Amino acid sequence: MNEKSVEIPSLWSVYQNHFPIGAAVNDISIRSDKELLVKHFNSLTSENDMKPVSLQPVEGVFTFEKADKMFAFADKNNMKVRGHTLIWHNQTPDWFFEDERGAQVSKEKLLSRMESHISTVVKRYKGRIYSWDVVNEAISDDENEFLRKSKWFEILGEDFIAKAFEFAHKADPEASLFYNDYNECHPEKLEKIYRLVKSLVDKGVPIHGVGLQAHWNLFKPTIEDIRIALERYASLGLQIQITEMDVSVFDWEDRRTDLKEPTEQMLEMQEQRYEEFFDLLKEYRDVITSVTFWGVSDKYTWLSDFPVPGRKNWPFVFDDNHEVKNSFWKIVNQK
Ligand code: HAH
C-alpha cells in the first residue's frame with residue numbers, strides 16, 4: 001500500500017452512525033473491485049444475479065450459484081445484503097406468463113408461480129437479507145396511467161403487488177420489504193408512488209419501506225425536488241432506502257457520444273452534486289436506513305450502455321483505475 005492510500009478513510013466507517021453504504025456487484029466485480037468493496041462498503045446487492053431470470057430461468061430449475069458466491073463474499077467480509085428483486089416486468093422469463101401451449105396462463109397458475117418463486121428464493125436466504133425489493137417499477141411513466149401495463153398487472157390485476165408482499169412476508173417475517181422505483185423525485189411519479197404505497201399501508205399489507213433508485217445526474221433532480229420527495233415518503237411512516245444511486249454526467253436528453261473522458265466541468269459539477277446529495281441524506285438519517293450505489297467504480301456501470309448503447313459514463317466516486325475521485329473527498333469530509 002502506498003502512503004496516500006493509507007490516508008484514505010473507509011466510506012462505510014465514515015457513515016457508520018448514519019446508514020450502511022452499499023454497492024451493486026456482479027461475479028466479475030466481486031473479484032476485480034474486491035479491495036474497494038472490502039474497504040469502503042458494508043452492504044452488497046446483486047446487480048443481476050438475484051433477478052427472476054437469473055434465479056429461475058426454467059420453471060422449477062433454480063440457479064443459485066452466483067448469488068451464493070456473493071453471499072459467501074459478503075459473509076466473509078461482514079457485509080449486509082439487500083435483495084433485488086422478486087417481482088419485476090423486466091429480466092423475468094416468459095414461462096411465468098405462458099401455459100404449456102404458449103397461451104396466456106390463468107390467474108390461479110400465475111399466482112401459484114409467483115408464490116413458489118418468492119417463497120423458494122426468500123426462504124433460501126432467510127435471515128441473511130435485511131431488505132428485499134419485493135416489487136420493482138410497477139408504476140407507469142405515462143401521465144395518464146397509474147400502474148404499468150406489465151404481464152403481472154394484466155393477468156393478476158392491481159392485487160399482484162399486495163400478494164407479492166404477503167408471500168415474501170410469510171417466507172421471511174424478519175426481512176423488511178420494499179417497493180422500489182425510479183424517477184422517484186419527479187413530482188408526478190412521486191405522487192403515484194406515494195399513492196400506491198399508502199394504499200398498501202392502509203390495507204395492512206406487510207410493506208416496510210420505499211426504495212428510491214436515485215439514478216440522478218448533474219442537473220436533475222434538484223436538491224429541493226429530493227427534499228420534497230424525502231419529506232413526502234417519510235410521512236408514510238416507513239423506512240426509506242437509496243437503492244441504486246449513480247450520478248450520470250449526461251442530462252437525460254443529452255445523447256452525445258463523442259466524449260472519451262469526462263470534462264473538468266462535469267467532474268466539478270459532480271463533486272458539488274455528491275456533496276449536496278450526501279449532506280441532504282445525512283439530514284434524513286432517521287428515516288434513511290441504507291444508501292447503495294449501483295456499482296463500485298467508473299470502470300463498469302450499467303449507464304455505459306443506457307440510455308445510449310456503448311456510450312461510456314463516469315457516475316461514481318471511484319474512477320476507472322479504482323482511485324478515489326474528488327467526489328469521494330466531498331462525501332467523506334464531515335462538517
Ligand atoms: C434499474 N432500472 C433496475 O432496477 C435495475 O435492476 C437495473 O440493473 C438497472 C436499473 C432503472 C430504469 C429502467 O429500468 C428503465 C428506465 C429508466 C430507468
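What you are looking at is a predicted structure, and each value in this text was computed from that prediction instead of being measured. All ligand and atom numbering here is 1-based and tracks the order in the structure.
- A salt bridge is defined here as a Lys NZ or Arg NE, NH1 or NH2 lying under 4.0 Å from an Asp or Glu carboxylate O, and Asp99 with Arg101 fails to meet this definition.
- Side-chain contact annotation: His322 with Glu35, donor-acceptor N/O pair under 3.5 Å absent.
- Atom numbering of ligand 1 starts at 1 in the shown order; those under 4.0 Å from a heavy atom of Phe306 are 16 (C), 17 (C).
- Taking the six-membered ring for Trp and the full ring otherwise, the centers of Trp132 and Tyr125 sit at least 6.0 Å from each other.
- If you check each of Lys51, His84, Glu47 against atom 7 (C) of ligand 1, the one with the closest non-hydrogen atom is Lys51.
- Looking at ligand 1, you'll find an N or O of Asn136 within less than 3.5 Å of one of its N or O atoms.
- Of the N or O atoms in Asn180, none lie within a sub-3.5 Å distance of an N or O in ligand 1.
- Between Asp94 and Lys151, no side-chain nitrogen of the basic residue sits less than 4.0 Å from a carboxylate oxygen of the acidic one, so the salt-bridge criterion is not met.
- Salt bridge annotation for Asp225-Lys220: absent, with no cationic side-chain nitrogen under 4.0 angstrom from a carboxylate oxygen.
- Checked by distance only, ligand 1 and Trp302 stay at 3.5 Å or farther apart across all their nitrogen or oxygen atoms.
- Atoms of ligand 1 found under 4.0 Å from any heavy atom of Trp88 (numbered from 1 in listed order, with element): 3 (C), 6 (O).
- For the ring-ring contact (aromatic ring centres under 6.0 Å, His included) criterion with His40, the lone passing option out of Phe316, Tyr15, Phe318, Trp12 is Phe318.
- Checked for salt-bridge contact, Lys325 and Asp298 meet the test: a charged N lies under 4.0 Å from a carboxylate O.
- For ligand 1, the atoms sitting less than 4.0 Å from at least one non-hydrogen atom of Glu137 are 1 (C), 2 (N), 3 (C), 4 (O), 11 (C), 12 (C), 13 (C), 14 (O), numbered in the order shown with element in parentheses.
- The protein heavy-atom contact nearest to atom 4 (O) of ligand 1 is Glu244 OE2, 2.8 Å.
- Here the heavy atom of the protein found nearest to atom 9 (C) of ligand 1 is Trp294 NE1, 3.6 Å.
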